[in-house]
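Everything numeric in this text was worked out from a predicted model, so none of it was measured. In what follows, chains carry the letters A, B, and so on, assigned in the order in which the sequence lines appear, proteins first and then strands, with residues in each chain numbered from 1.
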4 protein chains.
Amino acid sequence: MAAIMCLVTTAKKASRASTAAPASERRAHLVRLAGDLFAEKGFRATTVREIADAAGILSGSLYHHFDSKESIGDEILSAFLDDVLAGYRAAVRDCDDPRAAIEQIVRSSTAALSQHRAALTMLQHDWTYFSGQPRFAYLRTAMKEIERTWVQQLEQGKRSGQFRDDLDARLTYRLLRDILWIPTSWRQRPAKAWRTDQIVDGLLRLIFDGITTPATPAPQRRNARSR
Amino acid sequence: MAAIMCLVTTAKKASRASTAAPASERRAHLVRLAGDLFAEKGFRATTVREIADAAGILSGSLYHHFDSKESIGDEILSAFLDDVLAGYRAAVRDCDDPRAAIEQIVRSSTAALSQHRAALTMLQHDWTYFSGQPRFAYLRTAMKEIERTWVQQLEQGKRSGQFRDDLDARLTYRLLRDILWIPTSWRQRPAKAWRTDQIVDGLLRLIFDGITTPATPAPQRRNARSR
Amino acid sequence: MAAIMCLVTTAKKASRASTAAPASERRAHLVRLAGDLFAEKGFRATTVREIADAAGILSGSLYHHFDSKESIGDEILSAFLDDVLAGYRAAVRDCDDPRAAIEQIVRSSTAALSQHRAALTMLQHDWTYFSGQPRFAYLRTAMKEIERTWVQQLEQGKRSGQFRDDLDARLTYRLLRDILWIPTSWRQRPAKAWRTDQIVDGLLRLIFDGITTPATPAPQRRNARSR
Amino acid sequence: MAAIMCLVTTAKKASRASTAAPASERRAHLVRLAGDLFAEKGFRATTVREIADAAGILSGSLYHHFDSKESIGDEILSAFLDDVLAGYRAAVRDCDDPRAAIEQIVRSSTAALSQHRAALTMLQHDWTYFSGQPRFAYLRTAMKEIERTWVQQLEQGKRSGQFRDDLDARLTYRLLRDILWIPTSWRQRPAKAWRTDQIVDGLLRLIFDGITTPATPAPQRRNARSR
DNA sequence: CATGAATGAGTTTTCATTCAT
DNA sequence: TATGAATGAAAACTCATTCAT
């Protein structure tokens with residue numbers, strides 16, 4: 001079983017070295033409020049006034065807590081990437097099987113994503129905005145590490161015979177990474193919402209097996225649910 | 001073979017009934033320029049001045065051709081949706097097999113998407129902006145038809161035994177539709193770019209069969225390439 | 001005497017129910033400045049920059065206090081109409097004689113007009129602009145009440161024999177209402193200016209008796225000054 | 001009877017000396033179209049594009065006929081004032097009785113006004129705009145002549161005992177001139193409209209006699225209708 | 001004469017940010 | 001910490017006017 005090959009460790013709290021944030025209660029609360037708005041409409045499309053309104057203060061007052069709107073964004077994005085990268089590194093470290101590693105990456109990423117919805121929306125909506133600024137250079141760095149990890153696991157799986165040998169590793173990475181990010185951006189109406197585990201299982205099944213009915217119900221076949 | 005079951009017809013030029021656009025040479029050129037910018041940065045993030053700069057005129061001069069920035073967006077979006085819906089309808093009409101219909105949908109959508117890159121970026125970046133305005137009500141209508149079509153084909157495929165019967169049709173639709181849209185939003189550097197047919201084949205393979213090596217090399221198995 | 005039949009009450013401060021205006025010192029001052037400009041040149045012909053200049057700030061800074069130029073206009077117009085209507089209602093309520101009621105209407109209107117010069121200029125200059133917008137629907141409503149009041153008093157006076165029975169009530173109303181509004185729009189150079197009571201007495205005399213020398217110096221004749 | 005004392009002459013076509021207008025058919029038609037729009041919304045509030053639209057041409061094409069929007073206004077205003085002044089001069093010349101002169105002034109002005117609705121609206125809406133420009137200096141000149149004429153007739157009537165001797169001539173002039181202009185600015189819905197003679201009679205009656213029922217039906221009393 | 005395309009100065013409005021109180 | 005008032009740069013849009021064709 002996949003899980004057996006993977007020594008799952010709980011990710012330690014990522015050391016947020018990036019910003020020297022005087023993490024007060026109030027401040028953290030404001031970041032959360034801002035994040036909710038960013039998650040809905042994106043970073044640029046959200047005004048500081050809207051953030052202040054949500055907090056019940058005036059827009060100017062936000063500047064006692066942050067020196068710019070961007071520094072709020074910075075805080076959210078770096079926290080997200082710290083989390084995600086920690087998950088990727090742990091998956092690679094703890095799993096010696098590429099299929100298991102990818103499953104672990106998907107699961108840990110999904111967890112990170114659900115806790116950092118704002119960050120993802122920001123990356124999707126405002127990538128061109130952030131990636132152009134030196135302050136956010138770490139975004140590109142992190143993306144490169146993520147790509148490297150995926151490609152390595154996919155190539156390894158091809159060599160080991162687990163994955164189809166006609167896979168284009170980089171193309172598949174791009175598709176899978178983006179696929180993985182899709183559900184997070186869904187603004188779900190509570191009633192119709194799918195549960196996270198529903199989604200992640202659906203995703204894993206899709207990724208590994210596609211939508212087609214298996215040709216032969218081969219007994220050795222293991223789908224993502226058999227855990 | 002999939003293609004056999006599908007009476008592929010070339011899509012007739014979609015009658016642009018939606019907007020009575022007095023299409024002049026210059027005007028069409030300006031829409032194209034604007035579209036390129038929208039595709040890169042989104043609709044809101046693109047200023048009319050940038051569009052005008054690209055055209056080598058002053059921003060105010062754009063209003064000789066359009067009565068608002070939004071009407072440029074309108075033109076792009078409605079043209080896109082006309083094309084996409086035409087493709088969906090043709091696929092359903094011409095294919096009596098859900099697998100073939102979906103393959104046809106994917107192929108026609110991909111073609112439409114590659115010709116309307118701006119539209120997709122706009123929908124992804126600025127959905128909340130557009131969908132809130134009465135003028136763009138047709139966006140919601142079109143999306144509903146798209147969803148209906150996917151769900152119907154998936155359900156039919158489940159009943160006919162072609163697709164796994166544990167598929168959640170709506171969840172799968174959301175995933176597949178978004179997956180389909182992914183590659184279009186990639187701003188590719190020419191050198192590294194994948195060809196469209198590479199991408200669409202990769203996608204179809206992924207959708208139908210996943211990334212895993214087939215358990216048994218069943219002879220009746222048909223992958224997306226065997227056409 | 002006219003005044004005898006009229007139980008004059010001081011108009012209570014009109015409850016400004018219409019707009020929930022967060023009235024600050026500064027804000028009120030800005031409205032006054034804007035009003036002065038509107039009174040001189042009309043609403044549309046006055047730019048926000050001129051208002052800002054008058055206040056010694058930048059045009060954008062006005063939007064800290066108002067969300068649009070129109071909302072300044074709204075504030076001025078609704079305050080005016082509240083006042084005017086209060087005067088009309090009080091006149092009808094307190095006077096049981098149409099001649100007295102009309103005199104009272106003229107006097108209260110004149111007072112209101114002199115305090116709201118901007119509003120009148122705006123109605124005269126920019127009626128087509130305002131009356132077309134849903135936001136200013138109350139303008140039409142108020143005008144209808146004003147017309148109804150005049151016509152009722154004139155008709156009543158005709159029945160009671162106080163007014164000529166060949167008066168066309170609606171025509172006379174239109175003339176008298178507009179006549180009443182005339183002097184307010186005069187931008188008077190201080191030196192040549194007439195006093196308000198001079199004007200209102202001149203007006204009343206004109207309205208009731210015309211300019212012709214009375215045929216017979218009838219002893220029972222009462223002119224508007226004999227109060 | 002008033003009319004007896006007044007030797008009415010038809011006003012000769014005013015020599016339009018002001019602008020060297022190559023009065024072509026087309027041009028005159030355009031001025032009329034523009035005038036209709038100015039009459040409805042004022043001069044500034046009407047755009048050249050609206051004028052061009054009304055004429056079925058593009059806005060730029062107007063400049064083949066006029067060198068500026070203002071020159072259209074000039075044409076309308078000067079034609080109006082030529083007519084009005086001609087009427088005033090004729091009235092003074094032909095009538096030796098101030099009451100008759102004023103009646104004649106009212107009647108000729110009314111005729112002129114009904115033929116030049118645009119001009120009046122322009123003067124009322126855009127007086128500050130025009131009166132500030134050297135090009136329109138003749139407006140002030142004309143107004144002065146109009147004032148002089150009224151005041152002279154009123155003073156003369158006071159001396160001759162026809163008018164109340166407590167009349168303030170200048171105040172009364174301002175009131176009467178503006179009163180006279182009122183009905184012209186009414187944009188009447190055809191159904192409810194009053195006929196011009198209805199209005200002018202109502203006006204004259206009002207001016208000379210007011211709205212009050214005559215104290216004694218003195219036989220020598222003459223109202224405005226007894227012609 | 002008219003078109004089609006453009007100019008350029010001006011309009012209202014937005015918004016991140018600053019700062020004295 | 002928060003307020004209230006402001007800045008300044010940029011946004012979308014308007015409009016009289018020009019001019020080559």
Side-chain angles (χ1 to χ4, degrees), chain A residues 24-27 30 43-52 55-73, chain B residues 22 24-27 29-30 43-52 55-73, chain C residues 22 24-27 29-30 43-52 55-73, chain D residues 24-27 30 43-52 55-73:
Chain A
S24 77
E25 280 291 326
R26 188 102 180 89
R27 185 190 167 89
L30 292 173
F43 179 80
R44 280 153 112 174
T46 304
T47 69
V48 291
R49 197 174 199 172
E50 286 167 331
I51 302 171
I57 59 178
L58 290 178
S59 63
S61 307
L62 278 178
Y63 289 78
H64 286 285
H65 304 276
F66 311 95
D67 46 84
S68 75
K69 185 187 172 190
E70 265 157 41
S71 71
I72 307 180
Chain B
S24 82
E25 281 289 327
R26 187 85 180 110
R27 185 191 168 91
H29 181 231
L30 292 172
F43 180 79
R44 279 153 115 174
T46 303
T47 69
V48 291
R49 193 168 338 191
E50 284 166 333
I51 301 171
I57 58 177
L58 290 178
S59 64
S61 304
L62 278 177
Y63 290 81
H64 182 65
H65 304 276
F66 310 96
D67 44 80
S68 72
K69 185 186 170 189
E70 263 157 42
S71 71
I72 307 181
Chain C
S24 82
E25 281 289 328
R26 186 85 179 111
R27 185 190 168 91
H29 180 231
L30 292 172
F43 180 80
R44 280 152 116 174
T46 304
T47 69
V48 292
R49 192 165 341 187
E50 286 167 332
I51 301 172
I57 59 177
L58 291 178
S59 65
S61 305
L62 278 177
Y63 290 78
H64 182 65
H65 304 276
F66 310 96
D67 43 81
S68 74
K69 185 186 171 189
E70 263 157 41
S71 71
I72 307 181
Chain D
S24 76
E25 279 292 325
R26 188 104 181 87
R27 185 190 167 89
L30 292 173
F43 179 80
R44 281 154 112 174
T46 303
T47 70
V48 291
R49 197 175 198 171
E50 286 167 331
I51 301 171
I57 58 177
L58 290 179
S59 63
S61 307
L62 278 178
Y63 289 80
H64 286 285
H65 304 276
F66 311 95
D67 46 85
S68 74
K69 185 186 173 190
E70 265 156 40
S71 70
I72 307 180

For A:A45, side chain to side chain contact (heavy atoms under 4.5 Å, CB included) partners two or more places apart: A:K41, B:R44
Who pairs with B:H64 by side-chain hydrogen bond (donor to acceptor under 3.5 Å, both in side chains), at least two apart in sequence or on another chain? none
If I take atom CZ in residue A:F66 and atom P in nucleotide E:dT18, what distance separates them, rounded to the nearest angstrom? 15 Å
Sequence neighbours excluded, the answer for side-chain hydrogen bond (donor to acceptor under 3.5 Å, both in side chains) partners of D:R49 is none
Expected string for nucleotides 6-16 of chain E under the B/S/- scheme (protein heavy atoms, under 4.0 Å, primed atoms plus P, OP1, OP2 as sugar-phosphate) is SBB--BSBBBS
Quantified in whole Å, what is the C1' atom distance between nucleotide F:dT21 and nucleotide E:dC1? 13 Å
When rounded to whole Å, the NE2 to P distance for the pair C:H29 and F:dA5 reads 13 Å
Stepwise side chain to side chain contact (heavy atoms under 4.5 Å, CB included) check, C:L62 with C:I57: CA-CA 8 Å; C:L62 278 177; C:I57 59 177; 4.2 Å; yes
Considering all heavy atoms of both residues, which atom of D:A52 and which atom of D:L58 are nearest to each other, and what is their separation? CB-C, 3.6 Å
Just how far, in rounded Å, is P of E:dT17 from CD1 of A:I51? 10 Å
Read 5' to 3' with Watson-Crick or G-U pairs under 3.5 Å, [ ] for crossing pairs and | for partners on another strand, DNA chain F gives .||||||||||||||||||||
A:E70: what forms a salt bridge (charged side-chain N to carboxylate O under 4.0 Å, His left out) with it, not counting sequence neighbours? none
Separation between CG (C:L30) and CZ (C:F66), nearest 0.5 Å, reads 5.0 Å
Closest non-hydrogen atom pair, B:T46 against B:K69: O-NZ, 2.8 Å
